J.: 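Quick one: the structure is below, questions incoming.
Every value quoted in this text rests on a predicted model; they were computed, and no experiment measured them.
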Amino acid sequence: ITPPSATTTTTTSLADIPSSTIYGNFNAAHSVLSLNYKRVVTPNRVTLGAELSCNPFDLKTAEVVLGAEFRLSRSKVHMCVNDKGKIQSTVEAKLGMGQGTPSLQFAAELDHWNDAMKFGYGINIES
């Protein structure tokens with residue numbers, strides 16, 4: 001038996017617990033079935049996801065997308081890859097510490113299927 005003074009208690013809020021979400025959708029007008037999976041690995045830091053879209057009557061049109069989001073103290077990185085080898089990525093970095101500071105964005109896309117590459121950049125100044 002452990003005396004009451006020697007016991008330790010740990011409190012964990014629901015926001016600190018990793019979670020998973022699975023959901024599906026069927027669009028009858030376009031005959032598209034979509035299944036999605038989202039995994040919060042580290043709350044407010046790392047999130048992973050997957051999507052499967054297909055026509056249930058013609059499985060040759062199926063598409064798979066895998067993605068990830070990483071949040072750091074003043075920046076975010078998003079990336080995804082689909083079944084045809086297209087890789088997309090964005091990086092957003094805040095240039096200051098205060099509220100309403102400008103942020104710099106970079107975006108890139110590499111499409112192996114069509115042998116195409118794209119790159120973009122932008123700056124966002126909030127008032």
J.: Quick check: are there more than 12 heavy atoms from other residues, nucleotides or ligands sitting under 6.0 Å from OH of Y23?
T.: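 Counting other residues, nucleotides and ligands, OH of Y23 stays at 12 neighbours or fewer.
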
J.: Quick one: are K38 and T47 in side-chain contact, heavy atoms under 4.5 Å?
T.: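 They are in contact (side-chain heavy atoms under 4.5 Å apart), so the answer is yes.
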
J.: At what distance, to the nearest 0.5 angstrom, does CG of L95 lie from OG of S103?
T.: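 If I round to the nearest 0.5 Å, the distance is 7.0 Å.
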
J.: Do you know which two heavy atoms are closest between I125 and P102, and how far apart they sit?
T.: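 The pair with the smallest heavy-atom distance is CG1-CB, 4.0 Å.
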
J.: Locate the shortest heavy-atom distance separating R45 from S73; write the atom from each residue and the value.
T.: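 Answer, listing the atom of R45 first, then S73: NH1-N, 3.7 Å.
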
J.: Count I, L, V, M, F, W, Y as connected when their side-chain heavy atoms are under 4.5 Å apart, and connections chain through other members. Are V91 and L48 then in the same cluster?
T.: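 The answer is yes; both residues are in one hydrophobic cluster.
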
J.: Measuring from atom CG of N44 to atom CZ of R71, what distance do you get when rounded to the nearest 0.5 angstrom?
T.: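 Rounded to the nearest 0.5 Å, the CG-CZ separation comes out at 7.0 Å.
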
J.: Test of understanding: clusters of I, L, V, M, F, W, Y form through side-chain heavy atoms closer than 4.5 Å, transitively. Do I123 and F119 belong to the same one?
T.: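 Same cluster.
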
J.: Going from CG on D111 to CG on N82, what distance comes out if it is rounded to the nearest 0.5 angstrom?
T.: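 D111 atom CG to N82 atom CG measures 7.5 Å (nearest 0.5 Å).
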
J.: Atom NZ in K86, atom NZ in K118: separation rounded to 0.5 Å?
T.: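 If we round to the nearest 0.5 Å, K86:NZ and K118:NZ are 6.5 Å apart.
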
J.: Can you see which heavy atom on M79 is nearest to which on V77, and at what distance?
T.: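 That closest heavy-atom pairing would be CE-CG1, 3.6 Å.
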
J.: Report the distance from atom CG of L52 to atom CD of E63, rounding to the nearest 0.5 Å.
T.: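 Result: 9.5 Å between the selected atoms.
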
J.: Are L66 and I22 co-members of a hydrophobic cluster defined by side-chain heavy atoms under 4.5 Å apart?
T.: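 I22 does not cluster with L66.
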
J.: So, for C80 and V65, which heavy atoms are closest and what is the spacing to 0.1 Å?
T.: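 What the structure gives for the nearest pair is CB-CG1, 4.2 Å.
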
J.: Shortest non-hydrogen contact from S31 to P56?
T.: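 Heavy-atom minimum between the residues: O-CD, 3.6 Å.
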
J.: Is it possible for you to say whether Y37 and V64 belong to one hydrophobic cluster, with membership spreading through side-chain heavy-atom contacts below 4.5 Å?
T.: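 They do not share one cluster, since no chain of ILVMFWY contacts under 4.5 Å joins Y37 to V64.
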
J.: Is it the case that atom CG in D115 sees more than 12 heavy atoms from other parts of the structure closer than 6.0 Å?
T.: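 No - once you tally the heavy atoms of other residues, nucleotides and ligands closer than 6.0 Å, there are 12 at most.
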
J.: Rounded to the nearest 0.5 Å, what separates atom NZ in K94 from atom CG in L72?
T.: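 Answer rounded to 0.5 Å: 12.5 Å.
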
J.: Quick one: does any side-chain atom of S89 pair with a main-chain N or O of H78 as donor and acceptor, under 3.5 Å?
T.: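 Side chain of S89 to backbone of H78, a donor-acceptor pair under 3.5 Å: yes, one is there.
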
J.: Determine the minimum heavy-atom distance between G24 and L35, stating which atoms define it.
T.: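 Scanning both residues completely, I find the closest heavy atoms to be CA-CD2, 3.9 Å.
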
